[in-house]
Amino acid sequence: MKLIDTNIPEVKLVQLKLHHDARGFFCEQYTQAIGEALEVTFVQDNRSRSVAGVLRGIHYQLGQGKLVSVTHGRVLDVAVDLRKDSPTYKQHVAHELSDENGLMLWIPAGFGHGFCVLGDQPADVLYKVTTGYNPKGEGGIRYDDPELNIRWPNENPILSDRDKALPLLKDAIIPA
């Protein structure tokens, strides 16, 4: 396992060591050393499956950090800094995560998260989270907010009704 810096210091890529042979590969998906390196404790795993063309986000859960990986398929995974007092406020990190590249994205509390499925196969996304779900602490902003300037690869993504109704960042009320 190796931690890789991104353009936002608190957001990290985690590179897993993949052991390839003629049958495929093996890796240790999560070890205690990852939590220690990130200085967090994970309390829950969540999993989603999304069909080709789906875009989820940009969502946040107050006080929750998440380690995102893909166990099947490919996604463009995006973390957006929503901390108003941060020097990287409104900036984002975007990386392809797949079932074959061995990358995970660490997204600390205070960030929004979204992803879109790449290619024509479904994608299974696994989230290790630092807190359980709190309905009073959830929210989101529009994936296509021009202030964020995120270059999504799909111009007409499949969105949930909830995601279609999310506000722009300038109209969102995000508790500190």
Side-chain angles (χ1 to χ4, degrees), residues 4 6-8 11-16 18 20 24-25 27 29-30 42 44-62 64-82 88 90-130 132-135 137-174:
I4 302 168
T6 68
N7 60 303
I8 299 177
V11 178
K12 303 287 185 195
L13 279 168
V14 178
Q15 175 72 63
L16 299 175
L18 303 179
H20 291 272
F25 71 84
C27 74
Q29 182 71 27
Y30 178 77
F42 295 103
Q44 182 174 307
D45 285 350
N46 300 323
R47 181 178 166 195
S48 70
R49 172 169 288 167
S50 300
V51 298
V54 164
L55 190 148
R56 293 183 186 250
I58 295 170
H59 306 145
Y60 62 84
Q61 180 75 213
L62 294 178
Q64 184 182 81
K66 58 181 73 168
L67 181 62
V68 182
S69 62
V70 174
T71 60
H72 177 79
R74 300 171 34 232
V75 304
L76 179 68
D77 205 63
V78 177
V80 178
D81 191 347
L82 298 178
T88 56
K90 299 183 193 175
Q91 293 181 30
H92 68 276
V93 170
H95 285 279
E96 181 176 326
L97 306 181
S98 76
D99 57 358
E100 294 187 1
N101 70 7
L103 291 174
M104 299 189 291
L105 189 64
W106 164 244
I107 304 170
F111 284 75
H113 172 248
F115 69 84
C116 76
V117 177
L118 301 172
D120 58 2
Q121 297 295 313
D124 289 353
V125 176
L126 182 66
Y127 315 75
K128 293 189 87 53
V129 296
T130 59
Y133 174 68
N134 173 7
E138 75 172 336
I141 55 174
R142 284 191 56 88
Y143 79 97
D144 59 351
D145 188 324
E147 230 180 321
L148 302 178
N149 195 32
I150 299 170
R151 294 191 179 132
W152 298 102
N154 186 342
E155 291 183 21
N156 297 301
I158 299 167
L159 301 169
S160 69
D161 289 341
R162 174 184 173 225
D163 286 351
K164 289 176 186 175
L166 289 173
L168 295 172
L169 181 59
K170 68 182 177 88
D171 301 321
I173 300 170
I174 302 172

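We're numbering straight along the sequence, starting at 1. Since this is a predicted model, take the numbers as computed values, not measurements. Note that these values count all heavy atoms, side chains included, but never hydrogens, waters or copies made by symmetry.
Taking NE2 from H72 and CD from E100, the interatomic distance works out to 10.0 Å, rounded to the nearest 0.5 Å. Summarising the geometry, atom CG belonging to L159 is positioned 5.0 Å from atom OH belonging to Y143; distances are rounded to the nearest 0.5 Å. Interatomic distance, CG of L76 versus OG of S98, reported as 12.0 Å (0.5 Å rounding). Taken to the nearest 0.5 Å, the CD1 atom of I4 stands 10.5 Å off from the NZ atom of K12. Note that CG of L97 and CG of L126 are 11.5 Å apart. Values are rounded to the nearest 0.5 Å.
Summarising the local packing, CZ of R151 is surrounded by 12 or fewer heavy atoms from other residues, nucleotides or ligands at distances under 6.0 Å.
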Counting only pairs under 3.5 Å, give me each side-chain donor-acceptor contact of residues 102-120, with atom names and distances, residues two or more places apart or in other chains.
unit_1	atom_1	unit_2	atom_2	d
H113	NE2	D77	OD1	2.7
H113	NE2	D77	OD2	3.2

Output a table of donor-acceptor pairs, distance under 3.5 Å, between side-chain atoms of residues 165-172 and any protein atom two or more places apart or on a different chain; print 'none' if there are none.
none

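The two residues Q29 and S69 have their closest heavy-atom pair at NE2-OG, 2.9 Å. For the residue pair I8 and Q91, the shortest heavy atom distance occurs at CD1-O, 3.6 Å. Pairing each heavy atom of G132 with each of Q44, the nearest pair is CA-OE1, 3.8 Å. The two residues K66 and V129 make their nearest non-hydrogen contact at CB-CG1, 3.9 Å. The nearest pair of heavy atoms linking V80 to V78 is CG2-CG1, 4.0 Å. Nearest heavy-atom pair, A123 versus R74, reported as atom, atom and distance to 0.1 Å: CB-O, 4.0 Å.
For R142 (side chain) and K164 (main-chain N/O), a donor-acceptor pair under 3.5 Å exists by modelled atom type. Panel note: side chain Q61, backbone N134; a donor-acceptor pair is recorded below 3.5 Å.
At least one side-chain heavy atom of I141 sits less than 4.5 Å from a side-chain heavy atom of L82. Taking the side chain as every heavy atom from C-beta outward, V70 and V125 approach each other to under 4.5 Å. D163 has its side chain within reach of H59: a pair of non-hydrogen atoms, C-beta onward, lies under 4.5 Å apart. Looking at heavy atoms from C-beta onward, L148 lies in side-chain contact with I58 at the 4.5 angstrom threshold.
Side-chain contact of Y133 with E138: a donor-acceptor pair under 3.5 Å is present, judged by distance alone.
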